Visitor: 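Supplied in structure tokens, the structure appears directly below.
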Amino acid sequence: MDEIKDFRGSTPVITRQAEDAARARLLRAMREPAPAPRRRLMPRPVWRLAFAASLSVAVAVGGGIALTGDDGGRSVLIPVASVQQLGERAARAAATNPYETVPSPGKWLYVKETIAPLREEPEPEVDRNRRTTLELWNSVDGRQTALDDGKGRLVIHEAGPGVTAADLAEGPVTPERVLARIRAAVAETPAPPGDDGPDEQRIVETISRVMNEQALEPEVRAALFRALPMIEGVSVKQDAVDAAGRHGVAFAYTGRWERFEIILNPEKYTYLGTYGETVATRTYTTPAGTREVKAGTPVVWTAHLRAGIVDEPGERP
């Protein structure tokens, strides 16, 4: 225990050099296969940066979802008739706190996820056949992030511009207000180079990111679920699959170039992960020249594996 305390006490505030090293290590990790089963950074360098795992395996059955449980039995769930119904069901399910420990000032949210890494930079396509596991720690107010600097030491840096859990928790918490705050944050944040997608797509991706990476109050999470159907271009997808192979139901945003899915457990409506692919062929320019990306190319695939409240960065629940 003394060694753990010493380690925590030595966690430094990040320097520019350390931050660059940490980000470089994550990029290297995304290019290499993870050890079998052994951050906030998504493998989309040009197209955008982007839990509660279920043990059931789901398969599509007609318009609904059939779950195969641990005992091998099946139960057919009621299909989701509309995106509004999905938003309401998910909001009601979000009314309880998903964490064993109540988030409080000074605590951190541990997040573990697996992603499909890029096939080859700078191409935006991810490799469906490989996975990389990532871990990070976010302060519960959403203002700090901790990750490995590539030398076995955790470094802490201030979160970049954007909306935080604390911002969204400022009352009154309603779908309209949380959506307005996210829309304002997106409008104030420059899009990554090469990203000419509509604000609605960035808004949906931001909602997904805060659901994955921040310790949201139950009423905030519920408001976000009710806000998603209010965004133009969002519909329901009855059978979606995350990067861990789990089937679920999804909020699906379809824009001019891409479709982006927020995948939920079809029974508990907890966050499972994301999937995104191109819906039209397009070309874009990089320092290496002009590239063409075919319609149907997967550009993001993630699975939220574990999350929990801890006292310090480096601690796991």
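All values derive from a computational prediction rather than experimental measurement. Just so you know, these numbers use all the heavy atoms, side chains as well, and skip hydrogens, waters and symmetry mates.
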Visitor: Does NZ or CZ of Arg131 lie under 6.0 Å from the centre of the six-membered ring of Trp301, at an angle within 45° of the ring axis?
Guide: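 Pair Arg131/Trp301 counts as cation-pi.
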Visitor: Using the side chain to side chain contact (heavy atoms under 4.5 Å, CB included) rule, take Leu224 and Val210 through it: C-alpha gap first, then chi angles, then the decisive distance, then the call.
Guide: CA-CA 10 Å; Leu224 289 172; Val210 298; 4.0 Å; yes
Visitor: Less than 4.0 Å between a side-chain N and a carboxylate O, is that true for Asp167 and Arg177?
Guide: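 No.
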Visitor: Using every non-hydrogen atom in the two residues, find where Arg183 and Glu200 come nearest and quote the distance to one decimal.
Guide: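 Nearest pair, atom of Arg183 first, then Glu200: NH1-OE2, 4.0 Å.
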Visitor: Restricting to non-hydrogen atoms, name the atom on Leu118 and the atom on Pro124 that form the minimum distance, rounded to 0.1 Å.
Guide: CD2-O, 3.7 Å
Visitor: Of the non-hydrogen atoms in Ala93 and Tyr269, which two are nearest, and what is the gap between them?
Guide: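 Minimum heavy-atom separation between Ala93 and Tyr269: CB-CB, 4.0 Å.
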Visitor: Give the minimum heavy-atom separation between Ala250 and Glu261, together with the two atoms involved.
Guide: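 It is CB-CB, 4.0 Å.
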Visitor: Verify the neighbour count for atom CD of Glu232: are there more than 12 heavy atoms of other residues, nucleotides or ligands below 6.0 Å?
Guide: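 Open.
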Visitor: Quick one: CD1 on Ile207 to CZ on Arg202, what's the gap to the nearest 0.5 Å?
Guide: 13.0 Å
Visitor: Could you check whether Glu113 and Asn212, counting side-chain N and O atoms only, form a donor-acceptor pair closer than 3.5 Å?
Guide: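 Looking only at side-chain atoms, Glu113 and Asn212 do form a donor-acceptor pair, the distance falling under 3.5 Å.
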Visitor: Is a side-chain donor-acceptor pair under 3.5 Å present for Glu135 with Tyr110?
Guide: yes
Visitor: Looking at every non-hydrogen atom in both residues, tell me the closest pair between Ala244 and Ala303 and how far apart they are.
Guide: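 Heavy atoms of Ala244 and Ala303 come nearest at N-CB, 3.5 Å.
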Visitor: For Lys151 and Asp148, which heavy atoms make the closest approach, and how far apart are they?
Guide: N-OD1, 3.5 Å
Visitor: Output, in order, the C-alpha distance, side-chain angles, deciding distance and verdict of salt bridge (charged side-chain N to carboxylate O under 4.0 Å, His left out) for Lys107 and Glu312.
Guide: CA-CA 7 Å; Lys107 300 286 187 178; Glu312 299 282 350; over 6 Å; no
Visitor: Just to verify, what does Glu277 make a side-chain contact (heavy atoms from CB on, under 4.5 Å) with, not counting sequence neighbours?
Guide: Arg128, Arg259, Tyr275
Visitor: Does anything in residues 205-229 pair up under ring pair (Phe, Tyr, Trp, His ring centres under 6.0 Å), and if so which pairs, sequence neighbours excluded?
Guide: none
Visitor: Only one of Val186, Ile182, Thr274, Ile262 passes side-chain contact (heavy atoms from CB on, under 4.5 Å) with Val204; say which it is.
Guide: Ile262
Visitor: I'd like to know if the side chain of Tyr271 pairs up with that of Ser208 as donor and acceptor (distance under 3.5 Å, no hydrogens or angles considered).
Guide: yes
